[in-house]
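These notes are about the structure you will find just below.
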Amino acid sequence: KTTPGLVLRRCRQALTFLPGVSASGMGLRLSQKFVFLLFLSGLVTLCFGALFFLPDSVRLKRIFLSKTEVQPSTVGSGSENDVKEHLKRPVKEQEHSRAMVSAKADRLKSVNRKPAVTQAVEATEERLVGGKAQEELTVSRSESASVRSVDTFTYNKFKSCLIKNPLGSDSGKAADPKTNERREKVKEMMKFSWDNYKRYAWGKNELRPLTKNGHIGNMFGKGASIIDSLDTLYIMGLMDEYNDAKEWVQTSLDLNSNGEASLFEVNIRYVGGLLSAYYLTGEELFKNKVLELGEKLLPAFNTPTGIPRGVINLGSGTSWSWGWASAGSSILAEFGTLHLEFVHLTELSNSPIYTEKVMNIRKLLNKIEKPHGLYPNFLSPVSGNWVQHHVSIGGLGDSFYEYLIKSYLMSDKKDEDAKKMYYGALEAIEANLVQKSPGGLTYMAEWRGGILDHKMGHLACFSGGMIGIGADDGAPEKRQHYLDLAAEITHTCHESYTPTKLGPEAFRFDGGAEATATRLSDRYYILRPEVIESYMYMWRLTHDPKYREWGWEAVEALEQHCKVESGFSGIRDVYTTMVSHDNMQQSFFLSETLKYLYLLFSDDDLLSLEDWVFNTEAHPLPIIRKNCLQDQGSPQDNTASE
Ligand code: DMJ
């Protein structure tokens with residue numbers, strides 16, 4: 001048996017023997033010298049090779065092998081310059097050089113890192129989740145091959161792979177006049193919101209409709225409402241407005257602004273918005289902008305685990321964690337809500353780096369131990385461990401679950417890992433969080449280290465739609481159950497919409513409460529989409545007319561309570577009809593709330609679910625049909641180009 005000790009002893013013996021041999025070697029014949037030299041070089045190679053079998057901690061190894069070679073290389077890390085170089089090269093070339101690039105990136109870590117990140121890397125190298133587990137987290141070559149994009153993306157080819165025309169046969173116009181009138185009403189609301197934004201807040205992130213000015217906020221430089229509106233304007237046929245938005249992207253979208261930006265918000269609003277705009281219109285401008293932006297997000301992944309930090313300065317590339325997140329942790333709903341957009345960035349750029357970044361996150365999440373199969377909301381990007389055991393399907397957790405099932409659907413049902421993770425998570429959610437109230441309402445409680453908080457956030461109301469779209473791919477015996485669960489959750493969320501017919505930020509099921517906000521601070525409504533989002537999905541899945549009726553109730557309530565002279569505004573208390581406005585027209589109102597309402601009153605072939613998944617900001621992204629894109633084939637029944 002070869003042990004490290006034995007190898008060392010043999011090397012030492014050989015080394016002490018050598019000087020004597022070489023001293024007397026003068027008298028040897030040429031052939032003997034040759035044999036001796038051969039033996040000597042073999043021995044040296046053997047001793048050096050044996051170093052690789054020594055445990056990591058053995059000093060000798062550290063002396064002989066440079067530090068960078070000992071370090072594992074992770075796809076989650078890399079210097080900015082390497083990333084740029086990497087992006088310039090096509091996938092094929094990168095296949096051969098990926099190993100070299102990541103080793104070089106590791107070498108550069110120590111000289112080229114932003115201060116905050118450097119410290120973290122050095123301080124925690126030894127504390128990484130399971131030490132050498134980091135090596136295992138590296139996306140292997142064969143795995144990245146499975147997510148590799150086609151050689152060059154061609155827009156026409158992509159269009160030919162859609163089953164339906166994105167805008168439907170008659171722009172999605174509903175057959176019956178009543179539904180059509182309602183759809184027109186929603187379009188009018190969009191135009192009103194947009195016109196006021198344009199008039200008072202053009203180029204700012206959002207409109208303040210009471211004070212008639214703009215609001216910047218801290219998610220990105222500017223123009224969030226413009227990017228968030230592009231696809232809504234386009235599908236509604238508001239072409240003058242769409243053209244104004246497009247022109248602004250061309251002339252004024254500044255991707256180099258210095259300032260704090262949320263990686264999550266930039267991704268779901270800007271990356272998502274630009275991707276959708278490109279896929280819907282084929283305008284190269286959007287593709288170029290989104291690829292430029294995608295590249296700027298990569299430095300946020302330069303952490304020991306590859307789990308990105310929450311905040312990034314797009315100008316300088318520096319990234320850091322939210323000050324409010326405990327112990328410098330990253331948020332599940334933030335780093336877990338990148339997959340759809342990043343896979344599309346790889347599609348369009350022909351660079352695997354984006355997919356590698358998100359696959360690395362998924363790998364870590366797959367590996368790490370989960371309390372009762374649940375995913376807590378806070379994770380350290382340094383150690384890769386959970387920071388607190390707080391689990392929520394609402395804020396801080398929500399869209400992570402959404403992106404699992406949507407990753408599966410968007411991969412044309414090829415991404416089996418995403419499917420497994422989604423149904424595993426759903427099982428844990430059902431076992432631990434799903435509750436029935438005394439009044440018979442089904443809800444999702446929150447979980448704090450094993451103790452249930454019988455509260456559900458408005459944000460968690462997206463889960464009706466999520467469970468609905470995932471029902472069909474669950475185990476056969478569970479399908480009807482999932483559809484029923486989706487309907488029950490959607491019903492509960494509808495119950496929370498009273499008496500203004502708008503819903504509070506959070507509602508409770510304890511102390512006799514049945515889907516009501518018991519705290520003053522939970523009573524506000526900020527034009528959020530989640531309840532309407534679930535109506536839209538449930539309508540498409542069941543065609544039960546109640547969902548359209550519930551959607552119409554919301555339209556009337558928005559008109560009555562949220563519409564002000566110069567736009568739409570959130571309200572401070574949904575339990576009084578003497579409303580007080582919060583003076584904010586959120587950009588997600590244009591991107592999500594109004595889009596989902598419009599789709600609810602349209603035919604199912606407008607952005608058909610057979611072809612599209614919506615990102616968490618309601619930006620439609622196409623299902624990637626690799627077979628069709630690569631093989632000149634197209635799906636049967638293709639009416640997309642009609
Ligand atoms: C949106 O920005 C997204 O839906 C996000 O996932 C959660 N919150 C808002 C809307 O409420």
Side-chain angles (χ1 to χ4, degrees), residues 193 205-207 215 217-220 223-232 261-276 310 322 330-342 375 377 392-407 444 446 456-467 469 493 496-497 502-507 522 524-537 554 558 562 568-571 574 582 584-597 599 613-621:
S193 311
N205 277 330
E206 288 162 324
L207 165 70
H215 145 86
N218 67 350
M219 53 187 142
F220 192 62
S225 291
I226 300 177
I227 309 294
D228 254 353
S229 295
L230 279 164
D231 50 15
T232 312
S262 152
L263 172 68
F264 163 78
E265 298 290 1
V266 170
N267 179 58
I268 67 169
R269 297 179 199 230
Y270 290 78
V271 177
L274 291 167
L275 282 171
S276 291
W322 291 110
S330 296
I331 315 296
L332 181 69
E334 296 200 335
F335 64 78
T337 308
L338 301 166
H339 204 101
L340 304 180
E341 295 82 1
F342 273 52
Y375 293 80
N377 292 337
S392 158
I393 310 307
L396 305 178
D398 50 6
S399 39
F400 159 69
Y401 305 96
E402 177 186 350
Y403 271 36
L404 289 179
I405 184 63
K406 288 183 177 175
S407 295
M444 304 243 187
E446 301 202 353
M456 188 165 168
H458 191 289
L459 288 167
C461 285
F462 84 97
S463 60
M466 175 186 77
I467 296 169
I469 53 169
C493 292
S496 78
Y497 268 45
L502 295 170
E505 180 67 4
F507 41 93
D522 285 337
Y524 62 91
Y525 172 69
I526 56 168
L527 307 175
R528 284 200 192 279
E530 292 77 15
V531 177
I532 292 163
E533 174 180 349
S534 285
Y535 297 165
M536 191 283 287
Y537 283 115
L558 286 164
C562 300
F568 282 87
S569 165
I571 58 174
V574 293
D582 70 2
M584 187 71 78
Q585 180 177 284
Q586 303 278 349
S587 86
F588 54 66
F589 180 64
L590 299 103
S591 152
E592 294 191 72
T593 313
L594 293 177
K595 187 187 284 130
Y596 285 134
L597 281 169
L599 293 174
V613 294
F614 293 88
N615 89 340
T616 195
E617 189 77 359
H619 295 303
L621 300 173

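We count ligands from 1, going down the list as the structure has it; atoms in each ligand are counted the same way. Since we're looking at a predicted model, the values are computed, not measured.
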I need the minimum non-hydrogen distance between G310 and E334, along with the two atoms involved.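 So the minimum-distance heavy-atom pair works out to CA-OE1, 3.9 Å.
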Under 3.5 Å, is there a donor-acceptor pair between the Y524 and H458 side chains?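 No donor-acceptor contact under 3.5 Å links the two side chains.
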E341 and Y403: side-chain donor and acceptor closer than 3.5 Å?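 The criterion, which ignores hydrogens and geometry beyond distance, is satisfied for Y403 and E341.
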[Y] backbone acceptor or donor facing [X] side chain under 3.5 Å:
{"X": "Y270", "Y": "E265", "value": "no"}
{"X": "T593", "Y": "L527", "value": "yes"}
{"X": "S392", "Y": "G395", "value": "yes"}

Nitrogen or oxygen contacts under 3.5 Å, ligand 1 side and protein side:
{"residue": "ligand 1", "atom": "2 (O)", "partner": "E617", "partner atom": "OE1", "Å": "2.6"}
{"residue": "ligand 1", "atom": "4 (O)", "partner": "E592", "partner atom": "OE1", "Å": "3.3"}
{"residue": "ligand 1", "atom": "4 (O)", "partner": "E592", "partner atom": "OE2", "Å": "2.9"}
{"residue": "ligand 1", "atom": "4 (O)", "partner": "T616", "partner atom": "O", "Å": "2.7"}
{"residue": "ligand 1", "atom": "6 (O)", "partner": "T616", "partner atom": "OG1", "Å": "2.7"}
{"residue": "ligand 1", "atom": "11 (O)", "partner": "R528", "partner atom": "NH1", "Å": "2.6"}
{"residue": "ligand 1", "atom": "11 (O)", "partner": "E530", "partner atom": "OE2", "Å": "2.6"}

